[in-house]
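Notes to accompany the following structure.
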Number of protein chains: 2
Amino acid sequence: MVITQAIEDYLKTIYLLGQGGEVATSAIALKLKVSPPSVTGMVKKLAEMKLLRYTRYQGVELTPAGEKIALEVVRHHRLLELYLQEALGYPWDKVHEEAEKLEHVISEEFEDRIAEALGWPETDPHGHPIPTKDGVLPAVAVRELLAVETGQSATVRQVSDGDPGMLRYLASLGFFPGATVQVLEKAPFEGPLRVRVGEAEHAVGRELARHVLVSAATPAEV
Amino acid sequence: MVITQAIEDYLKTIYLLGQGGEVATSAIALKLKVSPPSVTGMVKKLAEMKLLRYTRYQGVELTPAGEKIALEVVRHHRLLELYLQEALGYPWDKVHEEAEKLEHVISEEFEDRIAEALGWPETDPHGHPIPTKDGVLPAVAVRELLAVETGQSATVRQVSDGDPGMLRYLASLGFFPGATVQVLEKAPFEGPLRVRVGEAEHAVGRELARHVLVSAATPAEV
DNA sequence: CTAATTTCTTAGGCCAGACTAAGTTCTTTT
DNA sequence: AAAAGAACTTAGTCTGGCCTAAGAAATTAG
């Protein structure tokens with residue numbers, strides 16, 4: 001059973017989309033930028049390999065074996081992101097793209113050495129937890145910024161990567177892991193949020209806000 | 001015109017085998033561990049792409065365009081080898097294998113950043129010159145250890161990578177770039193050489209000696 | 001509850017890059 | 001210079017991973 005790069009990419013994507021549930025083939029197609037029939041084909045193959053369970057017309061769910069591989073790839077990805085930033089001085093918004101290519105190629109040895117160089121870190125530059133070597137994803141209690149009550153404060157925990165443009169924009173507003181944010185006002189319907197981040201106040205669209213995850217404010221630690 | 005990893009590997013291999021001349025398809029097949037027909041097929045395609053000149057039943061030679069790509073890959077490879085050793089503490093004999101995978105994947109940005117971190121180095125851990133960004137391979141005047149006169153001394157310049165076992169063995173005898181070696185005696189026919197490396201004396205087979213390149217002794221710099 | 005729409009799958013093909021088996025052409029030997 | 005051997009190529013296949021076009025199931029609408 002040979003695990004190709006394509007397979008790794010499917011498993012990783014399914015894992016990230018799936019966090020606790022079935023994943024639709026169309027969602028996978030969208031994320032991987034391939035056609036839906038390609039996904040169906042690959043998904044059948046992965047089911048044969050016992051890396052996931054597949055029910056026609058319904059969806060897909062990783063088996064423990066599939067999840068294990070996915071977590072290895074995610075670990076590689078997040079360690080690489082952090083390493084690129086910390087050791088090579090990559091800007092925040094460029095680490096994702098490079099890690100995307102390297103994650104499929106590095107050896108166990110490489111993984112260990114950068115993990116060591118980084119002091120066995122637990123989160124990547126965007127605040128995402130790094131799975132451990134034995135395939136456990138440290139749980140973090142976060143909720144969407146949208147869920148914060150008007151007037152309440154919270155600490156930014158994660159900012160979703162993927163789109164460098166959005167990431168740059170969020171960064172320009174001050175949304176980094178660790179930053180404190182206060183929700184001043186939520187416009188009704190799908191209107192924007194008024195928030196305070198550090199000194200500044202901004203209006204933030206809902207779509208954008210959905211990419212910011214926070215935990216209860218812990219001002220002391222900032 | 002899409003340059004795949006396979007194409008990069010062919011061009012690199014042809015370049016390294018070719019240093020000034022035609023390369024036989026069988027040599028490529030041997031090095032890349034593919035069948036001769038596979039090489040013929042690929043070589044035809046590369047000729048179409050104007051990356052090399054190909055004469056049936058004869059051999060192959062890179063065009064400037066092909067050589068440019070080859071040199072980029074070689075630059076990646078050698079920078080990576082050095083980075084793995086210097087920055088991540090890889091042992092001498094393991095850098096090659098990892099670099100072999102990474103060389104096809106890293107971006108220009110990555111290349112620049114590790115080059116900078118290393119202080120724009122000129123040779124890799126095995127003593128091979130690193131091509132510059134604009135595709136020039138710094139010339140180094142070296143000859144085979146076998147060519148050294150009996151009684152003469154020389155400075156080790158390069159040790160060919162590729163086979164980790166051989167590399168480890170050579171290292172155990174003291175053959176690093178920079179080491180001084182004296183040829184004490186050459187057995188006739190294909191017999192071994194007696195050499196002194198540092199304090200120790202060793203008998204070295206011709207095959208092994210062929211992998212050690214030296215320049216005129218410059219004791220001062222050691 | 002049927003019809004329209006969306007979502008997913010099947011069918012059939014393409015391309016890259018590898019392979020084996022069966023020729024060619026070049027080289028060496030005698 | 002003919003024959004034997006080595007080196008290289010052609011022919012025909014296979015596999016992985018993708019695609020489009022067309023059909024089946026599930027969902028939503030009326």
Side-chain angles (χ1 to χ4, degrees), chain A residues 1-18 21-62 65-66 69-70 73 100-101 103-105, chain B residues 1-18 21-62 65-66 69-70 73 100-101 103-105:
Chain A
M1 194 180 73
V2 183
I3 307 295
T4 63
Q5 289 199 190
I7 291 177
E8 286 186 354
D9 258 329
Y10 274 91
L11 294 174
K12 180 184 81 164
T13 301
I14 293 165
Y15 175 78
L16 292 176
L17 290 172
E22 299 252 307
V23 180
T25 57
S26 56
I28 303 169
L30 209 64
K31 197 72 174 246
L32 288 178
K33 292 181 183 158
V34 297
S35 69
S38 300
V39 175
T40 302
M42 179 59 93
V43 139
K44 278 179 169 177
K45 178 176 163 180
L46 297 179
E48 287 281 306
M49 294 169 121
K50 308 281 187 189
L51 297 175
L52 50 76
R53 271 172 295 273
Y54 165 57
T55 332
R56 275 165 78 246
Y57 290 99
Q58 204 170 309
V60 126
E61 195 170 10
L62 295 183
I69 295 173
V73 179
E100 202 75 6
K101 293 178 300 175
E103 64 189 8
H104 305 293
V105 162
Chain B
M1 195 180 72
V2 182
I3 306 294
T4 64
Q5 290 199 191
I7 292 177
E8 287 186 353
D9 257 330
Y10 275 92
L11 293 175
K12 181 185 79 165
T13 301
I14 292 166
Y15 175 78
L16 292 176
L17 290 172
E22 299 252 306
V23 179
T25 59
S26 56
I28 304 169
L30 209 64
K31 196 74 173 244
L32 288 179
K33 290 180 184 158
V34 297
S35 68
S38 301
V39 175
T40 302
M42 179 59 94
V43 139
K44 277 179 170 177
K45 179 177 163 179
L46 296 179
E48 287 282 305
M49 294 169 121
K50 309 278 187 193
L51 297 175
L52 50 76
R53 272 173 294 271
Y54 164 56
T55 332
R56 274 163 82 244
Y57 290 99
Q58 204 170 309
V60 127
E61 195 170 10
L62 294 184
I69 296 173
V73 179
E100 202 74 6
K101 294 179 299 176
E103 65 189 7
H104 305 293
V105 162

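Proteins get letters first, then strands, A, B, ... in listed order; numbering begins at 1 in each. Here the structure is a predicted model, which means the values were calculated and not measured.
Between Lys45(B) atom NZ and dT10(D) atom P the separation is 17 Å, expressed in whole Å. Here the P atom of nucleotide dG16(D) and the CD atom of Glu8(A) are 16 Å apart, to the nearest Å. With rounding to whole Å, Met49(A) atom CE is found 14 Å from dT15(D) atom P. We find that CG of Leu46(B) is positioned 12 Å from P of dA16(C), with the value rounded to whole Å. The NE2-C1' distance, from His104(B) to dG17(C), rounds to 15 Å in whole Å. Leu11(A) has its CG atom 15 Å from the C1' atom of dG17(D), to the nearest Å. Rounding to whole angstrom units, CE of residue Met1(A) and C1' of dG16(D) are separated by 16 Å. Atom P of nucleotide dA7(D) and atom CD of Glu22(B) are separated by 17 Å, given to the nearest angstrom.
Sorted by residue number, the members of residues 28-42 of chain A with any non-hydrogen atom under 4.0 Å from DNA chain D read Val34(A), Ser35(A), Pro37(A), Ser38(A), Met42(A).
Comparing dC8(D), dA18(C), dG16(D) against the side chain of Tyr10(B) picks out dA18(C) as the nearest. Listed nucleotides: dA26(D), dG16(D), dC8(D). Nearest to the side chain of Tyr57(A): dA26(D). Of the candidate nucleotides dT9(D), dA25(D), dA18(C), dA18(C) has the atom nearest to the side chain of Ala6(B).
In this structure, Ile28(B) CD1 and Ile14(B) CD1 are separated by 4.0 Å, a value rounded to the nearest 0.5 Å.
Glu103(B) places a side-chain heavy atom less than 4.5 Å from the side chain of Asp9(B). Using a 4.5 Å cut-off on side-chain heavy atoms (C-beta onward), Ile3(B) and Leu51(B) make contact. A heavy-atom distance below 4.5 Å is not found between the side chains of Tyr15(A) and Ile69(A). Side chains of Val105(A) and His104(B) form no contact here, defined as non-hydrogen atoms less than 4.5 Å apart. Put simply, the side chain of Met49(A) reaches to within 4.5 Å of the side chain of Ile7(A), judged on heavy atoms.
Here Arg56(B) reaches the OP1 or OP2 of dT10(D): one of its side-chain N or O atoms lies under 4.0 Å away. Ser26(B) has no side-chain polar atom (N or O) that falls below the 4.0 Å cut-off from OP1 or OP2 of dA6(D). For the OP1/OP2 pair of dT7(C) and a distance below 4.0 Å, the side-chain nitrogens and oxygens of Thr25(A) include no atom meeting the criterion. Dashed line: the shortest gap from a side-chain N or O of Lys44(B) to OP1 or OP2 of dT10(D) is under 4.0 Å.
Pairs of residues two or more places apart, or lying in two chains, never qualify as side-chain hydrogen bond (donor to acceptor under 3.5 Å, both in side chains) while including a residue from residues 40-53 of chain A.
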